Visitor: 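Let me begin by handing over the structure; questions about it come next.
As the structure lists them, so they are numbered: ligands from 1, and atoms in each ligand from 1. Along the sequence shown, residues carry numbers from 1. Atoms considered below: every heavy atom in the structure, side chains included; atoms not considered: hydrogens, waters and symmetry mates. Every value quoted in this text rests on a predicted model; they were computed, and no experiment measured them.
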Amino acid sequence: MSFDTHETSAFRPHSSHWGVFTAAMRDGELVVRPHAGDSDPNAILQNFPTALRHRARIAQPMVRRGWLERGPGPDRARGRDDFVPMAWDAVLDLLGGELRRIRDSHGPGAVFGGSYGWASAGRFHHAQSQIHRFLNCAFGGYVASVNSYSSGAASVIVPHVLGEYEKLTKHNVTWDQVAQHSEVVLAFGGMALKNAMVAGGGISDHVERGAMRSARARGCEFILVGPLRSDLPEEAGAEWIANIPGTDTALMLALVHTLVSEGLHDRAFLERFTTGWPVFEHYLLGTTDGQPKNAAWAAPITGVAAEAIRALARRLHGRRVLVTVAHALQRAEHGEQPVWMGAVLAAALGQVGLPGGGYGYALGAIGYYGRRANAVPGPTLSQGRNRHGNYIPVARIADMLLNPGTTYRYNGQTRTYPDIRLVYWAGGNPFHHHQDLNRLRQAFAQVDTLVVHEQAWTATARHADIVLPATMTLEREDIGYSSHDPLMVAMHRIAPPYAEARDDYDIFAGLSRRLGTEEAFTEGRTAREWLHHLYARTQQGLRDLGLPAPAFEEFWEAGRLRLPQAADDGGPWRAFREDPDSNPLPTASGRIEVFCATIAGFNEASCPGHPAWLPPIEVPGPGASLHLVANQPATRLHSQLDFGAHSLASKRRGREVAAMHPQDAAERGINDGDIIRLYNLRGACLAAVRLTTDIRPGVVQLATGAWYDPADPHEDRPLCVHGNPNVVTRDAGTSALAQGCTGQLTVVEVERFTGNLPPIRAFDPPA
Ligand SMILES: Nc1nc2c(c(=O)[nH]1)N[C@H]1C(S)=C(S)[C@@H](COP(=O)(O)OP(=O)(O)OC[C@H]3O[C@@H](n4cnc5c(=O)[nH]c(N)nc54)[C@H](O)[C@@H]3O)O[C@H]1N2
Ligand SMILES: Nc1nc2c(c(=O)[nH]1)N[C@H]1C(S)=C(S)[C@@H](COP(=O)(O)OP(=O)(O)OC[C@H]3O[C@@H](n4cnc5c(=O)[nH]c(N)nc54)[C@H](O)[C@@H]3O)O[C@H]1N2
Ligand SMILES: [Mo]
């Protein structure tokens, strides 16, 4: 690599999922400054400077030796083999030929292009949009994925019982309403500031801390239900109810039971705005199964005293209450239940649709929730139409690869897994996001060919057959836009591409040329011309509103454009409350479905017709006596730039840090700062340990995102020496309804690690 060590440039605007910023090169070093208007800037931005030219970046196209020598086909050597460098023209010829072979002999239904992941913030060089557009417009379709790892359960159940899922998080109760109106915020899973620091497309102001501070100053009470005290910030001054993980549905049932048995529920609201309450009430009161779901019943399940549950229910009565449920609660077995039951609790309190009241599902999980929407459309790259049409629920990837031709249930349907020969990934990291990584390795060993575009040597890249080096966002021009932030950003190029890295767009353009479909993919535009083209949509939106609509060049020169925003009107639930006949919810009944005939008709034991307490299969016991909470990391977005300085600074002895209660540690002879081994039947990983009383005893917490780093990649179940919790998580769907990801919660045993400490090699390029 030859970079000019004296390289110096002016500060230029750019944006990321971590916020808007400006950046410059100073004597060959990257300097990043958060947007001046951001009231609470995000320190994750500081992963950029050291990451830009880190050795973990991929320098040139690489092909796995075994694939080159033996040709495409199932191969256990993936992730264990070495790589052969190849020139761009040669590698694109090779891949173009392989894509043709697969399509000619198996059709587009043999290609999995679901390619889940967050990629980077710009709207043009958005890797998901690029790969889907390529596969649709230039290849002929692919097997897609639906839903997300974020909200797999919620996004399927909410349309049946509450209305449009996207509106629930993005057009509902806002932070302004919390600041002004809420009297009690009952937050299941909290609203950790670290999470709202992140927003797809980039935001210019992080408002959550300020909103919680204002609400509290006005007298609003915050109550945190969950295993970690840090899930609400100091500013909220929250009372902490540390329930056993995975038991929130039982707690909510007992709250509603107390309301009903003391006559404190809002009957008029339930009567007018919901359907199916009587069926649910039979279950709640125990007339169907002989077991009232009261506080005494819930106490041993939840680990919360019966009197505390009753007192909490009484405290909620007659106040402006906002119930929030973190995404995390539904990223677990039966994750549909707390989402549904949270809505029923808010309805029983009669609060749905009131300013600062009702149901703020996932408020605080991502920075663009709880905000006003922009009033003009943003730049969006068309992905074309997928003529193939088959899909899987996103988290069922390993099931699909391991069990082609077998059937599974999803949202009332019986579907069949396709036979996939080629997997193509750009902009995501399955070795970050998927569960039971040893099983995922087996699954990836089944395919003929695995192609990955990456900026760095993630474990996914290491398991690929063809690895194509992608530019990092700082190395290209783009437009930063988030649907709920008023600042559109002209993302200027800050640095030249690293080594031989190319934009995903250029890679796909080169491939489409080889497939004879270049025009369909590029429409004859350069990247800069695409930015003009995408900008025109927003420009037209401004004109339609009679507002000044600067020319592209003017926008680019200014570096940003402030967009108009829609009113904070409470969204569909406010409108529904004000006039349920004119503004019915888009559910089968037009109301909130406390009992849902559609779901009941699917006949799934794992998701009955009303919210219910369904005990989990895995509970702490001999051999795995602790709950593991594998939540989002504070110092990075998922696995992105784990090799950046800010992320590295949070590690101890190079390992990810797990949190444990001193009591649990003492029972196992573990001291603060020790290296521990977390294990269960699926696998094991090392982590450093931090002891704290801010975690519920019986729970160990290890954030996601440390790069998978097998001690000996040749083993089937190697020890991950770095602290990736997905080595031990369970790869099973939330239920037969949604088949969502269940990675948040699992059970493990923990012991002090006394062996020789293996080195961290995750950030060293493969030999
Ligand atoms: N156990 C457990 N597992 C979880 C979760 C959990 O709570 N517990 N959470 C889940 C959730 S909510 C999510 S959303 C997923 C996130 O999973 P992912 O979205 O897959 O994780 P990221 O690390 O953001 O992966 C993005 C990848 O894209 C690469 N990239 C960035 N920009 C570009 C680009 O321009 N081009 C290309 N080609 N590549 C680029 C990055 O280097 C990175 O490797 O993880 C899920 N996994
Ligand atoms: N810094 C940072 N921010 C992020 C991300 C990131 O990677 N880094 N990822 C973003 C993405 S893609 C998403 S989808 C969101 C995810 O948003 P969430 O899924 O809500 O975030 P998590 O941090 O995984 O979980 C929040 C908290 O829920 C608590 N919790 C876990 N299980 C239970 C339970 O059974 N009951 C209760 N009451 N509480 C429980 C845990 O203590 C955990 O800290 O975060 C986004 N924000
Ligand atoms: Mo997510």
Side-chain angles (χ1 to χ4, degrees), residues 17-18 42 44 115-122 125-128 130-131 148-152 187-200 224-231 241-249 251 325-332 335 338 362 364-367 369 395 425-435 452-456 458-461 468-473 475-476 478 503-504 507 627-642 695-696 699 701-705 707 724-726 728-729 741-746:
H17 299 312
W18 315 305
N42 183 349
I44 295 180
S115 183
Y116 181 80
W118 266 62
S120 287
H125 291 289
H126 181 243
Q128 297 316 312
Q130 291 287 347
I131 185 173
S148 65
Y149 279 75
S150 315
S151 58
F188 291 90
M191 298 185 285
L193 284 182
K194 70 169 169 70
N195 287 350
M197 280 289 168
V198 162
L224 163 65
V225 180
L228 301 184
R229 192 196 287 275
S230 57
D231 284 335
I241 300 176
N243 64 326
I244 296 171
T247 65
D248 303 86
T249 305
L251 182 57
V325 166
H327 276 322
L329 273 71
Q330 52 87 66
R331 208 174 298 117
I366 299 189
Y369 294 169
W425 227 284
N429 183 3
F431 275 85
H432 167 77
H433 63 237
H434 199 60
Q435 286 55 66
V452 173
H453 295 192
E454 250 301 347
Q455 52 194 25
T458 60
T460 305
L468 302 178
T471 48
M472 185 185 266
T473 178
E475 297 160 353
R476 54 197 190 218
D478 215 324
D503 297 349
D504 295 291
I507 301 172
H627 269 119
L628 171 66
V629 166
N631 60 350
Q632 314 303 308
T635 55
R636 57 185 174 259
L637 170 63
H638 313 135
S639 69
Q640 296 199 32
L641 312 188
D642 187 28
I695 188 167
R696 186 193 153 86
V699 179
Q701 174 263 338
L702 177 61
T704 56
W707 284 17
N724 184 327
N726 274 326
V728 293
T729 53
C741 159
T742 56
Q744 177 83 195
L745 206 56
T746 189

Visitor: Look at ligand 2 and say whether Arg636 reaches it with a heavy atom at a distance under 4.0 Å.
Guide: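 Right, Arg636 reaches ligand 2.
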Visitor: Suppose I only count heavy atoms of Gly743 and a 4.0 Å limit; which atoms of ligand 1 are within that range?
Guide: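 Matching atoms, with element in brackets: 1 (N), 2 (C), 8 (N).
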Visitor: Roughly how far, to the nearest 0.5 Å, is the NE2 atom of His432 from the OH atom of Tyr149?
Guide: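 Going from OH on Tyr149 over to NE2 on His432, the span is 10.0 Å.
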Visitor: For atom 4 (C) of ligand 1, which protein heavy atom lies nearest, and how many Å away is it?
Guide: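 Residue, atom and distance for the closest contact: His433 O, 3.8 Å.
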Visitor: I'd like the name of whichever of Leu251, Asp248, Thr704, Leu637 reaches closest to atom 36 (N) of ligand 2 through any heavy atom.
Guide: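 Among Leu251, Asp248, Thr704, Leu637, the closest heavy atom to atom 36 (N) of ligand 2 belongs to Asp248.
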Visitor: Take Asn631 and Gln701, measure what side-chain hydrogen bond (donor to acceptor under 3.5 Å, both in side chains) needs, and give me the verdict at the end.
Guide: CA-CA 7 Å; Asn631 60 350; Gln701 174 263 338; 2.9 Å; yes
Visitor: Any atoms of ligand 1 less than 4.0 Å from a non-hydrogen atom of Ser120? List them with their elements.
Guide: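 Reading through ligand 1 atom by atom, the close ones are 31 (C), 32 (N), 33 (C).
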Visitor: Out of curiosity, is Asn42 lining ligand 2, as in a heavy atom under 4.0 Å away?
Guide: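 No, Asn42 has no heavy atom closer than 4.0 Å to ligand 2.
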Visitor: To check your reading of the model: name the closest protein heavy atom to atom 15 (C) of ligand 2, its residue, and the distance in Å.
Guide: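 Sorting protein heavy atoms by distance from atom 15 (C) of ligand 2 puts Ala365 O, 3.5 Å first.
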Visitor: Please list, in number order, the atoms of ligand 2 under 4.0 Å from a heavy atom of Leu228.
Guide: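 Listed by number with element: 42 (O), 44 (O).
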Visitor: Closest by any non-hydrogen atom to atom 26 (C) of ligand 2: pick that one out of Ala192, Ala332, Ala328, Gly335.
Guide: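 Of the listed residues, Ala328 has the closest heavy atom.
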Visitor: Atom 19 (O) of ligand 1: which protein heavy atom is closest, and how many Å away?
Guide: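 Protein heavy atom with the smallest distance to atom 19 (O) of ligand 1: Trp118 N, 2.8 Å.
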Visitor: Purely on distance, is any nitrogen or oxygen of Pro430 under 3.5 Å from one on ligand 1?
Guide: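 No, there is no polar N/O contact under 3.5 Å.
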Visitor: Please could you name the atoms of ligand 1 that Asn429 approaches to less than 4.0 Å, counting only its heavy atoms?
Guide: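 Going through ligand 1 atom by atom, the ones under 4.0 Å from Asn429 are 20 (O), 25 (O), 44 (O).
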Visitor: For Gly226, take its heavy atoms, then give the atoms of ligand 2 lying under 4.0 Å from any of them.
Guide: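 In order of number, 37 (C), 38 (N), 39 (N).
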Visitor: Show, in sequence, the C-alpha distance, side-chain angles and deciding distance for Gln632 and Asn195, and conclude whether the side-chain hydrogen bond (donor to acceptor under 3.5 Å, both in side chains) test is met.
Guide: CA-CA 7 Å; Gln632 314 303 308; Asn195 287 350; over 6 Å; no
Visitor: Between Asn631 and ligand 2, which residue portion shows a heavy-atom distance shorter than 4.0 Å: side chain, backbone, both, or neither?
Guide: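 Asn631 to ligand 2: contacts from backbone and side chain alike.
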Visitor: Return the residue, atom name and 0.1 Å-rounded distance of the protein heavy atom closest to atom 8 (N) of ligand 1.
Guide: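 The closest one turns out to be Ala630 O, 3.0 Å.
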Visitor: Using a 4.0 Å heavy-atom cut-off, which part of Met472 comes near ligand 1: side chain, backbone, both, or neither?
Guide: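 No part of Met472 is near ligand 1 at this cut-off.
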Visitor: What part of Tyr149 sits under 4.0 Å from ligand 2 if we count only heavy atoms: the side chain, the backbone, both or neither?
Guide: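 For Tyr149, no heavy atom sits under 4.0 Å from ligand 2.
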Visitor: As an exercise, identify every atom of ligand 1 less than 4.0 angstrom from a heavy atom of Asn726.
Guide: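 It comes down to these atoms of ligand 1: 1 (N), 2 (C), 3 (N).
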Visitor: Looking at atom 35 (O) of ligand 1, what's its closest protein heavy atom, distance included?
Guide: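 Among all protein heavy atoms, the one nearest atom 35 (O) of ligand 1 is Arg476 NH2, 2.7 Å.
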Visitor: Measuring from the heavy atoms of Gly190, does anything fall under 4.0 Å of ligand 2?
Guide: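 It does not; every heavy atom stays at 4.0 Å or beyond.
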Visitor: Would you tell me which option among Ala395, Cys741, Gly427 has the nearest heavy-atom contact to atom 39 (N) of ligand 1?
Guide: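 Answer by nearest heavy atom: Gly427.
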Visitor: Near Gly117, which atoms of ligand 1 are under 4.0 Å from a heavy atom of that residue?
Guide: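 Every atom of ligand 1 under 4.0 Å from some heavy atom of Gly117: 18 (P), 19 (O), 20 (O).
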Visitor: Specify the protein heavy atom at minimum distance from atom 22 (P) of ligand 1: its residue, its atom name, and the distance to 0.1 Å.
Guide: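 Nearest neighbour among protein heavy atoms for atom 22 (P) of ligand 1, to 0.1 Å: His638 CB, 3.5 Å.
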Visitor: Among all protein non-hydrogen atoms, which one is nearest to atom 23 (O) of ligand 1, and what is the separation to 0.1 Å?
Guide: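 That would be Ser639 OG, 2.5 Å.
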Visitor: State the atoms of ligand 1, each with its element, that fall below the 4.0 Å cut-off from a heavy-atom position in Gln744.
Guide: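 Heavy-atom distances to Gln744 below 4.0 Å select 7 (O), 8 (N).
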Visitor: Starting from atom 43 (C) of ligand 1, find the nearest protein heavy-atom neighbour and note its residue, name and distance.
Guide: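 Protein heavy atom at minimum distance: Glu454 OE2, 3.3 Å.
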Visitor: What residue and atom, counting heavy atoms only, is the protein's closest point to atom 37 (C) of ligand 1, and at what distance?
Guide: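 It is Asp504 OD2, 3.6 Å.
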Visitor: For Thr458 and ligand 1, does the shortest N/O to N/O distance drop below 3.5 Å?
Guide: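 No, since none of the N or O atoms of Thr458 sits under 3.5 Å from an N or O of ligand 1.
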Visitor: Do Ser150 and ligand 2 have an N or O pair less than 3.5 Å apart?
Guide: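 The answer is no, given that Ser150 and ligand 2 share no N or O pair closer than 3.5 Å.
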Visitor: At under 4.0 Å between heavy atoms, is it the side chain or the backbone of Pro633 that contacts ligand 2, or both, or neither?
Guide: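 Near ligand 2, Pro633 shows its backbone as well as its side chain.
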Visitor: At a 4.0 Å cut-off, with the gap strictly under it, does some heavy atom of Met197 reach an atom of ligand 2?
Guide: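 Judged by the 4.0 Å heavy-atom criterion, Met197 does not count as contacting ligand 2.
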